[in-house]
Amino acid sequence: MMNKSSIHDRAMKVLHDLRPETPSRRRNGVPKSLANVMQRRAIPGVSIAILDHCEVAWESGFGARSADRPDEVKASTLFQAGSISKAVFAMAVMRLVEMGTLDLDEDVNAYLTSWRVPSNGEWVPRITLRHLLSHTGATSVHGFPGYPVSGPVPTLVQVLNGAPPANTLPIVVEGIPGLSYRYSGGGTTIAQQVIMDVLGLPFPDLMRELVLDPVGMKNSTYEQPLPPDRALVAASGHLANGLPVVGGWHLYPEMAAAGLWTTAGDLARLGAEMLRVLGGGHSLIGLSQETAASMLRPQLLHQQLGGEFVGLGWFCSGQGEPFYFGHGGEDHGFIAQMRMFRASGSGAVVMMNSVKGWPLISQILSALSREFGWTSGSGANAVLSVLDYGSLAGTYRHAGGITSTIGFERDDLTLQIGSLKPVLLVASGERTFSSPIVDIHVTFLPDESHGLPALILRQFGSELRLEREVHGQNTP
């Protein structure tokens, strides 16, 4: 393991070498510093942590906790983790499975007492914790917008039922469980109710006892709302227009899905726990090596290692030395990404208090990869595969006559349909973007034969595939 002084020097070097990448490595953009990019994109605060050989080697904060206050971001400043909450929660569930308290493949209705998975007429769906942790339960409700701190805030059962004051629809099973992947924060919320019903304790207390305290995540909590002492050291979220979220942040009774307050360093400690156990080391929460490894395997019968898939709580990609796992997150005004490389026991966590920061997260992870060679576990030439926003710009056509133009300017992507005015696209994942002003979602799909993407447009439940145009012709 490198000494922490060396890691610090290399981290600072990285943060002065941020650049949008192009398909040609020889034509990378002009290097910029983190401070420069933050100022240009109006991103108030950033928190970063680096792992080396299964240990947190470096963590630091940059910028301000809020655009309207000078309070600086420190390594201990709290950020909302968004959907990374799900990965931390999955660790708690797997600990309970290891203890024999829960069975991954039992019908969750066998555990639930305060709520039941609704039937579809006479058909009663059977879903399990394995389904819910891997997003294969065919459950509804993709994500949660949260609630203003001024309230009102629903109970978890009201969220499950879609009853006022809940601002999302009822959580139901809309397909056959176990057949396909469908991201569902609603499914995670069912799993939250399961462990609350089984153990009979408040969810933040359960998570503190099962994961946070044992791992040493002292700056982390699932408490909603934040206790006053923790609120004093929390960052405020910021919207696409650069303004702070009213009240600083939203509240999330859907704690397992989106309610974790934490730091980059604490999430790195969780990543270190997984990496250490995977390597045969001691687990602070009592997971066996086999249990940890099982979380990083495909959960659908037709999936195989090598591509992108969801394990139990973790998003995974690749196989062998390039294999990595992690999770992204977005709450109202916050984004985050964690990525861990199993072969080298290394990785990073980046958190920001602005929804405009996805391109910057990609640049930071790419720059860290160039410096530390994470994809192969060694070698300075190994490069992390990140989505190059600039290379996505161009014209995409549908055989039915629909034309879309993806624009790229100042690190922002826009979508223009026909002659209509372009709309801003904000990343909601590594290959998926959404508009903050209309209901449109864009997913880019790589074309293996040409190295150029197609895209999927989704709106109101329907979708269209458009092919990338090359030199005035569609790709064959």
Side-chain angles (χ1 to χ4, degrees), residues 19-30 37 40-42 142-143 145 174-175 180-183 239-242 307-308 315 317 328 330 335 337 354-363 366 385-476:
R19 40 190 159 159
E21 294 189 342
T22 66
S24 170
R25 298 294 177 184
R26 300 176 182 177
R27 299 179 58 192
N28 285 347
V30 177
V37 179
R40 184 162 57 91
R41 294 191 59 81
H142 180 277
E174 295 185 328
S180 59
Y181 163 81
R182 184 198 200 188
Y183 190 88
L239 306 177
N241 60 11
E308 295 182 353
F315 282 73
S317 181
E330 180 172 352
I335 61 173
Q337 182 74 50
S354 169
V355 296
K356 296 172 64 177
W358 283 113
L360 178 55
I361 285 183
S362 292
Q363 291 176 33
S366 182
S385 175
V386 297
L387 193 61
D388 166 30
Y389 290 2
S391 70
L392 301 175
T395 301
Y396 298 75
R397 299 186 185 277
H398 184 268
I402 297 175
T403 300
S404 73
T405 302
I406 298 295
F408 177 71
E409 183 177 359
R410 294 179 62 84
D411 293 343
D412 284 325
L413 283 182
T414 58
L415 168 69
Q416 181 178 15
I417 302 295
S419 60
L420 295 175
K421 186 176 180 179
V423 295
L424 176 68
L425 293 177
V426 176
S428 52
E430 289 188 74
R431 293 187 176 275
T432 301
F433 297 77
S434 302
S435 168
I437 57 174
V438 294
D439 185 357
I440 191 75
H441 308 274
V442 181
T443 300
F444 291 93
L445 303 175
D447 183 301
E448 295 180 359
S449 61
H450 296 87
L452 294 169
L455 63 77
I456 301 293
L457 289 180
R458 293 185 177 89
Q459 180 171 267
F460 305 140
S462 64
E463 63 179 49
L464 288 172
R465 176 179 175 124
L466 286 73
E467 302 295 335
R468 177 73 172 266
E469 184 181 81
V470 183
H471 303 306
Q473 299 292 327
N474 288 353
T475 54

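Reckoned from all heavy atoms, side chains included, excluding hydrogens, waters and symmetry mates.
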Does the side chain of [Y] come within less than 4.5 Å of [X]'s, by heavy atoms?
| X | Y | answer |
| --- | --- | --- |
| R397 | L466 | no |
| S404 | L455 | yes |
| T403 | I417 | no |
| S354 | R41 | no |

Spacing of [atom1] belonging to [X] relative to [atom2] belonging to [Y], to within rounding of 0.5 Å:
| X | Y | atom1 | atom2 | value |
| --- | --- | --- | --- | --- |
| Y396 | F444 | OH | CZ | 5.0 Å |
| R19 | S366 | CZ | OG | 8.0 Å |
| T395 | Q416 | OG1 | CD | 9.0 Å |
| T432 | W358 | OG1 | CH2 | 11.0 Å |

Non-hydrogen atoms of [X] and [Y] that approach each other most closely:
| X | Y | value |
| --- | --- | --- |
| K356 | A240 | CD-O, 3.1 Å |
| A393 | G407 | CB-C, 4.5 Å |
| V355 | I335 | CA-CG2, 3.9 Å |
| T414 | P422 | CB-CB, 4.1 Å |
| S317 | E308 | OG-CG, 3.7 Å |
| E467 | A454 | OE1-CB, 3.5 Å |

Test side chain to side chain contact (heavy atoms under 4.5 Å, CB included) applied to L457 and H398, step by step: CA-CA 10 Å; L457 289 180; H398 184 268; over 6 Å; no

Pair F433-L415, side chain to side chain contact (heavy atoms under 4.5 Å, CB included): steps then yes or no: CA-CA 10 Å; F433 297 77; L415 168 69; over 6 Å; no

Qualifying residue for side-chain contact (heavy atoms from CB on, under 4.5 Å) with L413, from V442, L424, L392: L392

Aromatic ring pairing H142/Y183, orientation class (parallel under 30°, perpendicular over 60°, tilted between):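 Tilted.
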
